[in-house]
**Student:** 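Quick one: this structure, given as structure tokens, is what I'll be asking you about.
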Amino acid sequence: MSNDGANNVPLTTPYKMGRFRLSHRVVLAPLTRQRSYGNVPQPHAVLYYQQRTTKGGLLIAEATGVSDTAQGYKDTPGIWTKEQVEAWKPTVDGVHAKGGIFFCQIWHVGRVSNSTFQPNGQAPISSTDKPLKPQVRGNGVDVPKFTPPRRLETDEIPLVINDFRVAARNAIEAGFDGVEIHGAHGYLIDQFLKDQLNDRTDIYGGSLENRCRFAVEIVQAVVDEIGAEKVGMRLSPFANYSGAADSNPEALGLYMAHALNKFGILYCHVVEPRIVELGGNFETPYSIGPMRDAFKGTFIVAGNYSRDDGNNAISSGYADLIAYGRLFLSNPDLPRRFEIDATLNKYNSETFYIPDPVIGYTDYPFLPSDIQMYKCAFEEKSILD
Ligand SMILES: Cc1cc2nc3c(=O)[nH]c(=O)nc-3n(C[C@H](O)[C@H](O)[C@H](O)COP(=O)(O)O)c2cc1C
């Protein structure tokens, strides 16, 4: 174990993101944990998120449904009812009590769902009526067979956009510092963005501009509601999750980067081209560089980053912040471990999505206390201006 000072570790250098003074560059990636029974955040989430909070650290909450049609997995949280908003508050307060900055990822799964998750057992909604084939998740757990979706009528689309607007308002009401619009991974927004899936003939399909219209109108609505300085967006133009592929992902990513600039949103969070599907690095001819160069706000990247990869990405200016998923899941003190180059706990993918409120959730060990006694440089700084 080496004991680099914070200055020698690019990941643990401060960064100003809009009005937030981040004390380091290690972001908690959004991670679905399926422990919000009945779509309501539970008390055990307070400890889970608090464990991963550092003063001046950015955390992105797990994907959180915007409406009763938004769900596709058991026990994922929502933010469309008063009860859900109230239930988020202790967790948000817990993160703030430790000085963290907390964004809520707002989400609609679209066709990645089943009628049992839908009100009155109806079909899931999508950009298309093309069915999605059954899949096996990374941890080997079968997702229930997907119900063929119902293509949204053009005049229904403003209602879904409004659900995102209300969810963003609710997130602020719950105390979150902002929202991340989930435009990645083959969910509803991505089902509009990608040309291999979107087969619409109205103003939301066809040309690149038309396919991006739904995403852009959601950003507009959310920005109007809570302000651009509180809005981030996650995109995975290069990925092919749940059949959401595009024939020209670089053009798609670039178009969205320019579109987001028009609203001046706080950050753009992009999943690496090498992450075609979760679980490994794939060969890719694509580069994230043009998006990075085009986008004017904070640029966050994610996908199979190690400590060295993250340090290199920060020191070379490839990205401003790195979001860590599985390593942060299994190492609640990940920024500290990166600071001193400590050994990392291994994650157990068997327990990613089990409903247990402790196992695989809050029981990953911290560094022994003698190591923690070193005062973390990033515990000292103020977080907001
Ligand atoms: C258990 C688990 C849950 C995830 N849930 C979400 C999610 O809710 N929203 C999202 O955008 N990505 C989700 N992802 C993707 C992660 O945010 C991240 O992009 C991915 O794990 C790659 O980063 P990593 O290699 O650092 O883990 C999830 C990944 C895992 C392993």
Side-chain angles (χ1 to χ4, degrees), residues 11 25-36 39 41 45 48-49 52 58-66 70-79 103-110 112 136-141 143 179-190 193 232-239 241-242 244 267-282 288 300-310 313 319 321-331 334-335 337-338 344-356 359-361 364:
L11 279 169
R25 317 293 188 105
V26 184
V27 177
L28 175 67
L31 292 166
T32 292
R33 305 308 314 276
Q34 294 187 237
R35 285 150 166 98
S36 296
N39 308 132
Y48 169 74
Y49 282 106
R52 286 156 186 76
L58 173 63
L59 295 85
I60 305 167
E62 63 210 85
T64 299
V66 299
Q71 311 303 121
Y73 305 90
K74 197 170 160 30
D75 295 333
T76 50
I79 195 145
F103 274 54
C104 182
Q105 190 187 51
I106 54 175
W107 181 47
H108 194 302
V109 298
V112 188
V136 176
R137 272 243 282 251
N139 61 350
V141 175
V143 174
V179 300
E180 174 174 290
I181 300 166
H182 193 345
H185 296 161
Y187 297 115
L188 184 61
I189 294 175
D190 214 19
L193 292 175
M233 184 164 207
R234 191 171 219 208
L235 295 167
S236 61
F238 311 95
Y241 282 50
S242 303
Y267 73 75
C268 181
H269 180 177
V270 184
V271 179
E272 280 287 342
R274 60 176 180 249
I275 309 296
V276 179
E277 290 164 6
L278 184 62
N281 291 335
F282 290 72
I288 220 168
I300 309 179
V301 293
N304 262 349
Y305 271 87
S306 64
R307 176 180 186 268
D308 283 351
D309 297 335
L321 305 172
I322 315 292
Y324 286 90
R326 290 163 291 181
L327 292 183
F328 219 150
L329 186 155
S330 58
N331 294 276
L334 188 66
R337 288 183 193 241
F338 280 164
L344 300 179
N345 302 322
K346 289 198 169 32
Y347 54 79
N348 176 7
S349 56
E350 301 289 313
T351 56
F352 281 173
Y353 305 108
I354 64 170
D356 197 283
I359 297 169
Y361 193 53
Y364 283 106

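All of these numbers come straight from a predicted model, not from anything done at the bench. Computation of the quantities below employed the complete heavy-atom set of this structure, encompassing side-chain atoms and omitting hydrogens, waters and symmetry-equivalent molecules. Throughout, residue positions are numbered sequentially from 1 according to the sequence presented. Order of listing sets the numbers, starting from 1, for every ligand and every atom in it.
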**Student:** Please check this pair: side chain of Glu180 against backbone of Gly232, looking for a donor-acceptor N/O pair closer than 3.5 Å.
**Tutor:** no
**Student:** Of the listed options (Asn304, Thr32, Leu329, Leu28), which comes nearest to atom 8 (O) of ligand 1 when hydrogens are ignored and any heavy atom counts?
**Tutor:** Thr32
**Student:** Report yes if some N/O of Glu62 lies less than 3.5 Å from some N/O of ligand 1; otherwise report no.
**Tutor:** no
**Student:** List ligand 1 atoms under 4.0 Å from Ala29, heavy atoms only on the residue side.
**Tutor:** 17 (O)
**Student:** Do Phe328 and Val26 touch side chain to side chain, with heavy atoms closer than 4.5 Å?
**Tutor:** yes
**Student:** Between Tyr324 and ligand 1, is there a nitrogen or oxygen pair with a distance under 3.5 Å?
**Tutor:**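 Such a contact does not occur with ligand 1.
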**Student:** Out of Ala302, Gly310, Gly183, Pro30, indicate the one that has the non-hydrogen atom closest to atom 16 (C) of ligand 1.
**Tutor:** Pro30
**Student:** Could you tell me whether the side chain of Phe238 reaches within less than 4.5 Å of the side chain of Val271, counting heavy atoms only?
**Tutor:**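 With C-beta onward as the side chain, the pair stays apart.
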**Student:** Quick one: does Gly325 get an N or O within less than 3.5 Å of an N or O on ligand 1?
**Tutor:** yes
**Student:** Could you walk me through whether Phe338 and Tyr324 pass ring-ring contact (aromatic ring centres under 6.0 Å, His included), step by step?
**Tutor:** CA-CA 12 Å; Phe338 280 164; Tyr324 286 90; 4.9 Å; yes
**Student:** Would you say Arg326 and ligand 1 have an N/O pair spaced under 3.5 Å apart?
**Tutor:** yes
**Student:** Report yes if the side chains of Pro237 and Leu193 come closer than 4.5 Å at any heavy-atom pair, otherwise no.
**Tutor:** no
**Student:** Determine whether the side chain, the backbone, both or neither of Phe352 has a heavy atom under 4.0 Å from any heavy atom of ligand 1.
**Tutor:**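 Side chain only.
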**Student:** Would you mind telling me if ligand 1 is within reach of the side chain of Arg33, the backbone, both or neither, using heavy atoms under 4.0 Å?
**Tutor:**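 Contact part for Arg33 vs ligand 1: neither.
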**Student:** Where the side chain of Arg33 meets the backbone of Gly360, is there a donor-acceptor pair that is under 3.5 Å apart?
**Tutor:**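 Between the backbone of Gly360 and the side chain of Arg33 there is a qualifying donor-acceptor contact (under 3.5 Å).
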**Student:** Of the backbone atoms (N, CA, C, O) and the side-chain heavy atoms from C-beta on, which set of Tyr353 has a member under 4.0 Å from an atom of ligand 1: side chain, backbone, both, or neither?
**Tutor:** side chain
**Student:** Consider ligand 1: state whether an atom of it lies below 4.0 angstrom from any non-hydrogen atom of Leu31.
**Tutor:** yes
**Student:** Relative to the heavy atoms of His185, which atoms of ligand 1 are at a distance of less than 4.0 Å?
**Tutor:** 10 (C), 11 (O), 12 (N), 15 (C)
**Student:** Check each atom of ligand 1 against the heavy atoms of Gln105 and keep those under 4.0 Å away; list them by number with element.
**Tutor:** 7 (C), 8 (O), 9 (N), 10 (C), 11 (O)
**Student:** Answer with yes or no whether the side chains of Glu62 and Thr76 bring together a donor and an acceptor at under 3.5 Å.
**Tutor:**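 Absent: no donor and acceptor within the cut-off.
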**Student:** What's the spacing between Leu327 CG and Ile322 CD1 if we round to 0.5 Å?
**Tutor:**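 Leu327 CG to Ile322 CD1: 12.0 Å, rounded to 0.5 Å.
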**Student:** If we only count N/O pairs under 3.5 Å, is Ala63 in contact with ligand 1?
**Tutor:**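 Yes - when backbone and side-chain N and O of Ala63 are compared with those of ligand 1, one distance drops under 3.5 Å.
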**Student:** Side-chain contact test, heavy atoms from C-beta onward, threshold under 4.5 Å: evaluate it for Glu272 versus Val301 and give yes or no.
**Tutor:**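 When only atoms from C-beta onward are counted, Val301 and Glu272 do touch, with a gap below 4.5 Å.
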